[in-house]
Student: 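Quick one: the structure is below, questions incoming.
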Amino acid sequence: MATARPVRGTHDLFGETIRRHRHVIETGRAASALYGYEEIATPVFEFTDVFLRTLGDTSDVVTKEMYTFEDRGGESLTLRPENTAGVARAAISNGLLQSLPLKFFYAGPMFRYERPQKGRMRQFHQIGIELIGAPEPQGDVEVIAAGAMILERLGVAEHVTLELNTLGDPASRQAYREELVRYLEGYRDRLSEDSLARLGRNPMRILDSKDEGDRKVVEGAPRLEESLNEASRDFFKAVREGLDELGLAYRLNPRLVRGLDYYTHTAFEFTTDQLGAQGAVIAGGRYDGLVEEIGGPSTPGVGWAAGVERLALLAGREEARVRPVAIVPIGPAAEQAARLLAAELRAAGIAVELAFKGKPGQRMKRADRAAARFALSLGDDELASGVVKLRDLDSGEEQVLPRTELVRRLAG
RNA sequence: GCGGGCGUAGCUCAGUUGGUUAGAGCGCCAGGUUGUGGCCCUGGAGGCCGCCGGUUCAAGUCCGGUCGCUCGCCCCA
């Protein structure tokens, strides 16, 4: 039955899983709204060029992880591997850059062709926020604070550490990159195979290597900090002071670098040690060159993306589902009355579970499995006197109520 | 893309040195109880033992391959 299985790296979400998933998204949406971020939904596919230009043609995401295809009109399209480029593109397309800053929240599926692992899927979900058009370091601080609030509200803050670094402005970053490569070239024979490959492509990644030999070499490497020009230093200082002001604790991590090319200045990650190898739950930074790269006016930006699956895994707890009221008709005469009662209660905003068939005992069992809060039974006696029997399924207590009082009783 | 572990019922797992009709618990369905759930008792449904090939009188069990899951590397959310 090869066709009845999901594609590798994809998952069906239902039951408890999707309840947790939704809880993460709703928590993110609510917290972002408190900071004035409005939701945006961009298409799940874009012209391939949007990602090629922004992610850097040497990043792994672009070189081997994109789902790229040609549509019937011959256009090269790509399923979005992340949403920042799409949001920036949308801001340009819709002329939104006239009025800055823009604050956006998004949630949705992303696609990367990777080897699946815990917390790493081929179709996965992210929430994220983007602050476009704010060059001030206070923008970085706000974005980080909003992320921290979400983690707080999800109850995972104590398992998560904020790591912080700066990549400096493009000039500083470029200068450092050259200096680093010059140093590493001298140790070619001591670097791991992986790192040799990174040397030409993304040398700063080597700082982050887990290989023992690489780490020894890296210990003596020039430090990014020393390549920062004054403007970059001042910017980072202001970000740190802003975080201190809000009491947001962080750990400076000079090895924290970014896989995607558009990042400048602040880079940050909220990481956990509870998810195995995939420890980053929120990651982001400043991307001052991005909008211009896609053909817009030079416009700064800062934002982050969070992995919904990872946060759901970390938050772990059971998400309550809606507890309906179950209606149990007894005898053929009550069937129609039950349907009408169900319609009336639902119209009043009360969730109702009404089975299509079954003896009273079976329907009670079904009510129990639907996690119903109350069971309403009505048979010939109740019909005759215009009442229903209300049973509290948690306590087992029963009372008889006039039908006319039901909505008030259940809504309260 | 590279390495390790694992594939038996919807789920969690037994299955002896290869040996008859492949088991348990949970879950599901029905009955015990024709106006009442949870607990209990009884019965039932549900398996290409991941797939293909090989060894053998005989394979869930051994061997090879393959696919999938999983953990790590890589990458990243």
Student: A:Tyr113 OH to B:C74 C1': how many Å, rounded?
Tutor: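 Rounded to the whole Å, the gap is 15 Å.
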Student: Just how far, in rounded Å, is C1' of B:C75 from CD of A:Glu269?
Tutor: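 Rounded to the whole Å, the gap is 12 Å.
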Student: Rounded to whole angstroms, how far apart are CG on A:Asp211 and P on B:G72?
Tutor: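 One finds 18 Å between P of B:G72 and CG of A:Asp211, rounded.
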Student: Regarding A:Arg20 and A:Glu16, does a basic nitrogen lie under 4.0 Å from an acidic carboxylate oxygen?
Tutor: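 Answer for the salt bridge query: yes.
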Student: How does protein reach along nucleotides 32-38 of chain B, written 5' to 3' as B (base within reach of a heavy atom under 4.0 Å), S (only sugar-phosphate), or - (no contact)?
Tutor: S--BBBB
Student: Taking CZ from A:Arg198 and P from B:C74, how many angstroms apart are they, rounded to a whole number?
Tutor: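 Nearest whole value for this atom pair: 6 Å.
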Student: Contact class for A:Ala367 (heavy atom, under 4.0 Å): base, sugar-phosphate, or nothing?
Tutor: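 Contact class for A:Ala367: none.
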Student: Heavy atoms only, 4.0 Å cut-off, all strands: where does A:Leu311 land among base, sugar-phosphate and nothing?
Tutor: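 No contact at all - A:Leu311 keeps every heavy atom at 4.0 Å or more from the nucleic acid.
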Student: For atom C1', what is the distance between B:U42 and B:U20, given to the nearest Å?
Tutor: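 So the two C1' atoms sit 29 Å from each other.
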Student: Give a yes or no on whether a salt bridge exists between A:Arg215 and A:Glu219, defined as a side-chain N under 4.0 angstrom from a carboxylate O.
Tutor: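 Salt bridge: no.
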Student: For A:Asp194 and B:C76, what is the distance between atoms CG and C1' respectively, to the nearest whole Å?
Tutor: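 Rounded to the whole Å, the gap is 15 Å.
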Student: What protein N or O atoms touch nucleotides 65-70 of chain B N or O atoms at under 3.5 angstrom, if any, and at what distances?
Tutor:
{"from": "B:C69", "atom 1": "OP2", "to": "A:Arg8", "atom 2": "NH1", "distance (Å)": "2.4"}

Student: Can you tell me how the ring of A:Phe270 sits relative to the ring of A:Phe268, calling it parallel under 30°, perpendicular over 60° and tilted otherwise?
Tutor: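 Because their plane-to-plane angle is over 60°, the rings of A:Phe270 and A:Phe268 count as perpendicular.
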Student: Between A:Lys365 and A:Asp368, is the closest basic N to carboxylate O distance under 4.0 Å?
Tutor: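 Not counted as a salt bridge, because no side-chain N and carboxylate O are separated by less than 4.0 Å.
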Student: Heavy atom of residues 122-130 of chain A under 4.0 Å from RNA chain B: which residues?
Tutor: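 Of all residues in residues 122-130 of chain A, the ones placing a heavy atom under 4.0 Å from RNA chain B are A:Phe124, A:Gln126.
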Student: Once you round it to whole Å, what is the distance between P of B:C76 and CE of A:Met66?
Tutor: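 Taking atom P of B:C76 as the reference, CE of A:Met66 is at 14 Å.
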Student: Please state how far atom CG in A:Leu207 lies from atom P in B:C75, giving the value in whole angstrom units.
Tutor: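 To the nearest whole Å, that distance equals 12 Å.
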Student: Using the C1' atom on both, measure B:C2 against B:C26 and round to a whole Å.
Tutor: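 Pairwise C1' distance, B:C2 against B:C26, rounds to 39 Å.
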Student: Taking any heavy-atom pair under 4.0 Å as a contact, classify A:Gly119: base, sugar-phosphate, or nothing.
Tutor: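 Base, at least one base heavy atom under 4.0 Å.
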Student: Specify the separation, in whole Å, of atom CG of A:Leu314 and atom C1' of B:A77.
Tutor: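 It is 13 Å, rounded to the nearest whole Å.
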